[in-house]
Amino acid sequence: RQSLQPHIALFPTAGMGHLTPFLRVAAMLASYNVTVTVITAQPTLSAAESDTIASFFAIHPQIKRLDFHIVPYNSPTPDDPFFIHWEATNRSLHLLHPLISTSSPPLTAIFSDFGLATNMIPIADRLQIPTFILLTTSARFLSVMANYPFPELSDTDANHIQIPGLTNIPKSSIPPQLLRPDKSIFASTLASTVSSFSKVKGILLNSFEYFESETIIAFNNGQVQPGFPPVLPIGPIAPYGLVQGDHPLPWLNDQPAKSVVYISFGSRTAMSKDQIRALGDGLDRSGHRFLWVLKGNKVDKEDKEALDELLSNSFLERTKNKGIVVKGWVSQEDILQHPAVGGFVSHCGWNSVTEAALHGVPMLAWPLNGDQRINAGVVEKSGLGLWEREWGWAGEKLINEQEIAEKVKVIMEDEILRAKASNVGKEARKAVGKDGGSEKVLAQVINSLNP
Ligand code: BUP
């Protein structure tokens, strides 16, 4: 099984939040002269995923493409469509071995999404190659995962989950589906993944020492869990320069430096109509220019409502000279590095957080689901932004326009916050720059995989 260079297969689960970092790492590996195969589960759930996959392979012809056709799965209980897709992929994974066992040159490692790791490890074992998990969330959320299922809580610590070696985490930040006795797909996938952690060679983090030093150190000192695999910060994983979607850039080019607040809640979060209206009024009241990416439905193919069905004509008319609202895909990486952008209102999907970190853009963390409250804690602690904890999970309460306007003004006007965020940006760029911590870790991983 001799070959001249490593050959790594990468396999993300469904959702842009998973596909994006995998494609970025694939492009990075290819730039180190590694042979790379990207495996994607087909058909994809969202149009954003299929469009992105098509344009990625068009600009990276040297990267091998493996479309893995999954058997559809009808969940007996209602669940998030992205998690149903994960489950379908897991249930189809026994079909993968013959497709990759004859790869040329032979595979030397698999980088798996955590959601597929349990079923991927036996395949890698048969091929006698290591599995790495490429983590799509924060190291801090990994510390929650590593302690799941949570032990029975005594009365005294009923409001916190204990994380050995680190500060405890309030239950109010734990995704509610992990605290309920009924098992969602997310909860059961997590439970099985946790038992796989000890079998992987390493966990690659889209994070960097400065950003999550306490957590990374606690993991690598064995304090969070003895025998845990090394956690390997290689982030913030750099964009790979895909140009796609509706471009608000000509509009941004006409705005003064740092005058625009960018608002996006990621690829799979739609707010209630009332909350959308209050957010619009809050932006208007803040007095700042804005660029708002608006979603009306979790799955983009089903997002059919026009802008004027989600926002009133009077709002659109009133704000037409100072803000734009976009429905559809934008290139967030171009927006966050644009000089006109001075702040980012975000749901704190981990990719969005690391992208804001890379460019030092002050954030207003407005977490709504999943790992996002834990990620918001990282944003707050690192100085990258503000988090108003009382705003709760999605739909828990309606946040009114005045509260929103006040917070937007802070991230756009507070010079101390801006300086702290800018410092995070400097540290992030140092980490991925030449001889930076993350750059060195990635080079070491690649060297360790030389056949
Ligand atoms: Br929306 C949108 N353009 O219009 P997150 C998102 N993105 O480039 P999510 C665009 O998609 P999970 C758009 O830059 C980021 O890389 C954005 O990932 C990009 O959130 C990615 O931020 C979205 O992790 O995923 O989509 O909610 O739930 O897995 O966190």
Side-chain angles (χ1 to χ4, degrees), residues 10 12-25 28 48-49 52 80 82-83 86 111-115 117 132-146 148 169 173-175 178 186 189-190 193 203-216 219 231-240 262 264-269 332-333 336 344-361 363-382 384-385 387 393-394 421 424-425 427-428 431-432 438:
L10 296 94
T13 50
M16 285 303 288
H18 293 256
L19 180 64
T20 305
F22 273 78
L23 295 184
R24 288 177 177 169
V25 170
M28 259 158 75
E49 289 165 275
T52 302
D80 180 306
F82 288 93
F83 293 135
W86 290 25
F111 287 6
S112 169
D113 207 304
F114 74 82
F132 287 78
I133 289 177
L134 172 54
L135 196 74
T136 51
T137 180
S138 53
R140 189 61 172 143
F141 193 70
L142 180 65
S143 74
V144 174
M145 290 162 71
Y148 185 75
I169 295 189
S173 286
I174 303 289
L178 298 187
F186 180 57
T189 308
L190 200 59
T193 307
I203 299 184
L204 301 161
L205 294 180
N206 182 10
S207 196
F208 52 110
E209 281 268 358
Y210 176 87
F211 206 37
E212 294 195 89
S213 59
E214 196 196 343
T215 312
I216 293 170
F219 265 117
V231 300
L232 305 160
I234 59 163
I237 298 169
Y240 49 84
Y262 168 56
S264 173
F265 296 92
S267 64
R268 46 194 256 187
T269 304
Q332 180 163 300
E333 62 188 66
L336 285 174
F344 181 17
V345 179
S346 166
H347 71 315
C348 292
W350 189 244
N351 296 291
S352 294
V353 170
T354 57
E355 289 157 16
L358 186 63
H359 300 296
V361 180
M363 293 181 82
L364 169 55
W366 189 345
L368 296 164
N369 294 298
D371 57 351
Q372 295 157 14
R373 280 177 74 90
I374 304 281
N375 300 345
V378 178
V379 168
E380 181 183 61
K381 189 157 186 236
S382 65
L384 183 61
W387 172 27
W393 291 110
V424 172
E427 295 292 340
V432 286
S438 296

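Along the sequence shown, residues carry numbers from 1. Remember, it's a predicted structure, so these values are computed and weren't measured experimentally.
Side chain of Glu427 to main chain of Tyr210: no donor-acceptor pair is present (N/O by atom type, distance under 3.5 Å, no hydrogens or angles). Put simply, the side chain of Thr193 gets close to the backbone of Phe114: a donor and an acceptor are under 3.5 Å apart.
Annotation: the span from Thr136 atom OG1 to Asn351 atom CG amounts to 7.5 Å, rounded to 0.5 Å. The structure places CG of Asn375 at 13.0 Å from CD of Glu380, a figure rounded to the nearest 0.5 Å. In this structure, CD on Glu214 lies 3.5 Å from NZ on Lys381, to the nearest 0.5 angstrom. Interatomic distance, CZ of Phe111 versus CZ of Phe22, reported as 9.5 Å (0.5 Å rounding). The structure places CG of Leu142 at 10.0 Å from CD1 of Ile216, a figure rounded to the nearest 0.5 Å. Here Phe211 contributes atom CZ and Leu358 contributes atom CG; the two are 10.5 Å apart, rounded to the nearest 0.5 Å.
Contact detail for Trp387 and Pro367: the closest heavy-atom pair is NE1-CG, 3.4 Å. Residue Gly115 comes nearest to Thr189 through the heavy atom pair O-CG2, 3.5 Å, listed as atom of the first residue, atom of the second, then distance. Residues Glu49 and Gly15 share a closest heavy-atom pair of OE2-N, 2.9 Å. The minimum heavy-atom distance linking Ala139 with Phe219 is given by the pair O-CE1, 3.6 Å. Of all heavy-atom pairs between Phe208 and Pro233, the closest is CA-CB, 4.1 Å. The minimum heavy-atom distance linking Gly370 with Trp393 is given by the pair O-CH2, 3.4 Å.
Annotation: cation-pi geometry satisfied between Arg268 and Phe83 (NZ/CZ under 6.0 angstrom from ring centroid, within 45° of ring axis).
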Quiz prompt | side chain to side chain contact (heavy atoms under 4.5 Å, CB included) between Ile374 and Ile169, intermediate numbers included | solution = CA-CA 8 Å; Ile374 304 281; Ile169 295 189; 3.6 Å; yes
Self-check item: From CA spacing to verdict: side chain to side chain contact (heavy atoms under 4.5 Å, CB included), Val379, Cys348
Solution: CA-CA 8 Å; Val379 168; Cys348 292; 4.3 Å; yes
Quiz item: Which is it for His18 and Trp86 under the side chain to side chain contact (heavy atoms under 4.5 Å, CB included) test, yes or no, and what are the steps along the way?
Solution: CA-CA 11 Å; His18 293 256; Trp86 290 25; 3.5 Å; yes
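The salt bridge (charged side-chain N to carboxylate O under 4.0 Å, His left out) contacts involving residues 363-373 comprise nothing, where partners must be two or more places apart or lie in separate chains.
Under the side chain to side chain donor-acceptor pair (under 3.5 Å) criterion, Thr215 pairs with no residue at all, not counting sequence neighbours. Every residue meeting the side-chain contact (heavy atoms from CB on, under 4.5 Å) condition with Ala394, not counting sequence neighbours, appears here in chain and number order: Leu368, Asn369. Partners of Ser112 according to the side chain to side chain donor-acceptor pair (under 3.5 Å) rule, which considers only residues two or more places apart in sequence or in another chain, do not exist here. Under the side chain to side chain donor-acceptor pair (under 3.5 Å) criterion, Gln332 pairs with Tyr262, Ser352, Glu355, not counting sequence neighbours. Partners of Glu209 by salt bridge (charged side-chain N to carboxylate O under 4.0 Å, His left out), not counting sequence neighbours: none found.
A side chain to side chain contact (heavy atoms under 4.5 Å, CB included) with Asn206 holds for exactly one of Thr20, Thr354, Val25; it is Thr354. Applying side chain to side chain contact (heavy atoms under 4.5 Å, CB included) to Leu205 and the options Ile237, Ile133, Leu135, Leu134 leaves one that passes, Leu135.
At a threshold of 4.5 Å between non-hydrogen side-chain atoms, the residues Leu232 and Phe132 count as touching.
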